[in-house]
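Not measured: the values here are computed from a predicted model.
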Amino acid sequence: MAAAAAAAAGSGAPREEEGSSGEAAVPPPQAPTSAPGARLSRLPLARVKALVKADPDVTLAGQEAIFILARAAELFVETIAKDAYCCAQQGKRKTLQRRDLDNAIEAVDEFAFLEGTLD
């Protein structure tokens, strides 16, 4: 049971010493360790900043705001790609096609604002 909880937590490490209640002791959360040179954002921040500055309503944009926007864009692309891939799998394909994106946009309410944008 405790091994299942550790696996669900995603630790993948051996169990900690069990406490008095029989439950595995949970280690405190740690900051993610990354290799030197690892990037926090997959999108180039300079490009994101250029896109933000292209908006005439934006006068200043701090580095933290640029990073948050880049991370939000990454999560958005990841989410829509996963949903589109599910549509491709339903068609017994591994390659995403435009119709898969269209189907994902129609199927998921959160993507309703994108309807008609690929036309």
Side-chain angles (χ1 to χ4, degrees):
M1 184 84 147
S11 66
R15 286 190 327 185
E16 295 280 326
E17 188 177 312
E18 290 191 9
S20 61
S21 65
E23 295 286 323
V26 179
Q30 298 177 356
T33 57
S34 59
R39 295 173 51 155
L40 294 175
S41 174
R42 292 182 221 155
L43 294 176
L45 296 179
R47 292 279 176 111
V48 174
K49 188 171 189 171
L51 287 170
V52 169
K53 284 189 170 186
D55 186 348
D57 294 334
V58 176
T59 54
L60 293 173
Q63 277 302 112
E64 288 179 349
I66 299 298
F67 175 77
I68 296 295
L69 286 170
R71 187 69 181 123
E74 289 173 18
L75 293 173
F76 172 75
V77 170
E78 182 179 330
T79 302
I80 196 167
K82 284 181 180 179
D83 290 339
Y85 185 69
C86 288
C87 293
Q89 284 182 323
Q90 289 175 353
K92 302 201 185 314
R93 292 177 285 106
K94 292 184 179 180
T95 305
L96 289 181
Q97 297 177 354
R98 179 185 166 166
R99 67 179 175 209
D100 299 321
L101 285 170
D102 287 334
N103 291 338
I105 289 170
E106 289 177 17
V108 180
D109 291 337
E110 288 84 12
F111 299 142
F113 71 97
L114 293 171
E115 288 181 5
T117 57
L118 295 179
D119 296 334

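The salt bridge (Lys or Arg N to Asp or Glu O under 4.0 Å) pairs that include a residue from residues 54-63 number zero, where partners must be two or more places apart or lie in different chains. The side chain to side chain donor-acceptor pair (under 3.5 Å) pairs that include a residue from residues 101-118 number zero, where partners must be two or more places apart or lie in different chains.
With sequence neighbours excluded, the residues forming a side chain to side chain donor-acceptor pair (under 3.5 Å) with Arg99 are Gln97, listed by chain and number. In this view, Asp83 satisfies the salt bridge (charged side-chain N to carboxylate O under 4.0 Å, His left out) rule with no residue, not counting sequence neighbours. With sequence neighbours left out, the side chain to side chain donor-acceptor pair (under 3.5 Å) criterion links Arg47 to no other residue. The side chain to side chain contact (heavy atoms under 4.5 Å, CB included) search around Leu51 returns none, not counting sequence neighbours. Every residue meeting the salt bridge (charged side-chain N to carboxylate O under 4.0 Å, His left out) condition with Glu78, not counting sequence neighbours, appears here in chain and number order: Lys82. By the side chain to side chain contact (heavy atoms under 4.5 Å, CB included) test, Ala73 is found to be paired with Leu43, residues two or more places apart in sequence or in another chain being considered. For Ile80, the side chain to side chain contact (heavy atoms under 4.5 Å, CB included) partners two or more places apart in sequence, or in a different chain, are Phe76, Leu101, Ile105, Phe111, Leu114. Legend: residues meeting salt bridge (charged side-chain N to carboxylate O under 4.0 Å, His left out) with Arg71, ordered by chain and number and at least two apart, are Glu74.
Residues Leu96 and Val108 do not share a hydrophobic cluster, clusters being chains of Ile/Leu/Val/Met/Phe/Trp/Tyr side chains in contact below 4.5 Å.
Atoms CD and CD1, from Gln63 and Ile68 in turn, are 11.5 Å apart once rounded to the nearest 0.5 Å. Asp100 contributes atom CG, which lies 9.0 Å from atom CD of Gln90 (distance to the nearest 0.5 angstrom).
Among all heavy-atom pairs drawn from Ser41 and Ala70, the shortest one is OG-CB, 3.6 Å.
Within the hydrophobic cluster formed by Ile, Leu, Val, Met, Phe, Trp and Tyr side chains joined at under 4.5 Å, directly or through other members, Leu75 stands alone, with no partner residue.
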